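Predicted, not measured: the structure shown is a model, and the values here were computed from it. Remember, it's 1-based here, ligands and their atoms both numbered in the order they're listed.
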Amino acid sequence: MIITYGSAGEDLAKSISKITGQTLAKTSCRRFPDGEQYVKITGELSGEDVAIVQSFGLNPDQLFMEYALIADAARGSGCGSVTAIVPYLAYTRQDRRFQSGEALSAKLFPRLIEDAGTDRVITVDMHLHRFKEIGQVFRIPAVNLSAMPLLAEYYGKRRSSRNALVIGPDKESEQWAESVAEKLSTDYTILEKERLGDRDVEVSGDLCVKGRSVVLVDDIISTGKTLMEVISRLKAEGASRIDALVTHALLVENALPKLKRAGLSELIATDTVANPAAKVSVSPLITEALKK
Ligand code: R5P
């Protein structure tokens, strides 16, 4: 297999190629003066299976177009198959037409990836909520890996989880909170979240955390408002320390300093999206999946 990448996948592609010993084919991406994108893969791809590493965090529209051009370039070079390695799959949270006139992006985006010429997909901690399995949105073979055990392992090596409580901010976070609590051999609880706007959430639920250290668990931090809301409640209830384990740290609008100011001790995130809290790499996870 040849590994290549888009501009949001270069570091992971290099790391996967290093671990597996598979050839890395460089892709150059640039823009024409009018804003259209141009890509070129270097190397011989004829008859080869090609894996394209491209994350869709921060500016997903541009990154998707780049992916589609790379997939077409690989196809045009006569490759055998195209595997999309998508550490962060965007557009998954709109998984229902909440109001009439809305698009169902969680279903449309996978179709666009398929139509770009993809044969199979590997992703990490896809936001599964109303869709329960990745196979409900992709018609091609697709694997959803979880980085939560790796995040929990990292945390467990550094801090004692005795007396720790794992908390997920909303219903869909139960899958990730449960996995982290199991790995840390501790208990977990799930709160209720009501989203009032893009940057406005309300969180409710039982918070008996006096004197306990809390490990918040979620798949995505975007503006950080969800976790900020939980943190302020936890502080008021007397939590002794608050850390967060998150797979996709998009951290828009200066979310990390805001979270720290709100009282977060440490954010432990993965490298599915480039971010300053990326302490755990998903490359070993992806490498294992590629072998299968
Ligand atoms: C949605 O339910 C996700 O799991 C996250 O909780 C959400 O995307 C976080 O967004 P924000 O950081 O903007 O509150």
Checklist entry - Y38: which other cluster members, linking ILVMFWY side chains closer than 4.5 Å, directly or transitively? => result F32

Salt bridge between [X] and [Y], side-chain N to carboxylate O under 4.0 Å?
| X | Y | value |
| --- | --- | --- |
| R158 | E266 | no |
| E229 | K193 | no |
| D95 | K132 | no |

Next on the checklist: List the protein residues in contact with ligand 1, where contact means a heavy-atom separation under 4.0 angstrom.
Outcome noted: R93, H127, D170, E172, K193, R195, D218, D219, I220, I221, S222, T223, G224, K225, T226

Next on the checklist: Going by side chain to side chain donor-acceptor pair (under 3.5 Å), name the pairs with one or both residues in residues 200-212, residues two or more places apart or in two chains.
Outcome noted: D187-R212

Item to check | Set of residues satisfying side chain to side chain donor-acceptor pair (under 3.5 Å) with respect to S222, sequence neighbours excluded | outcome: none

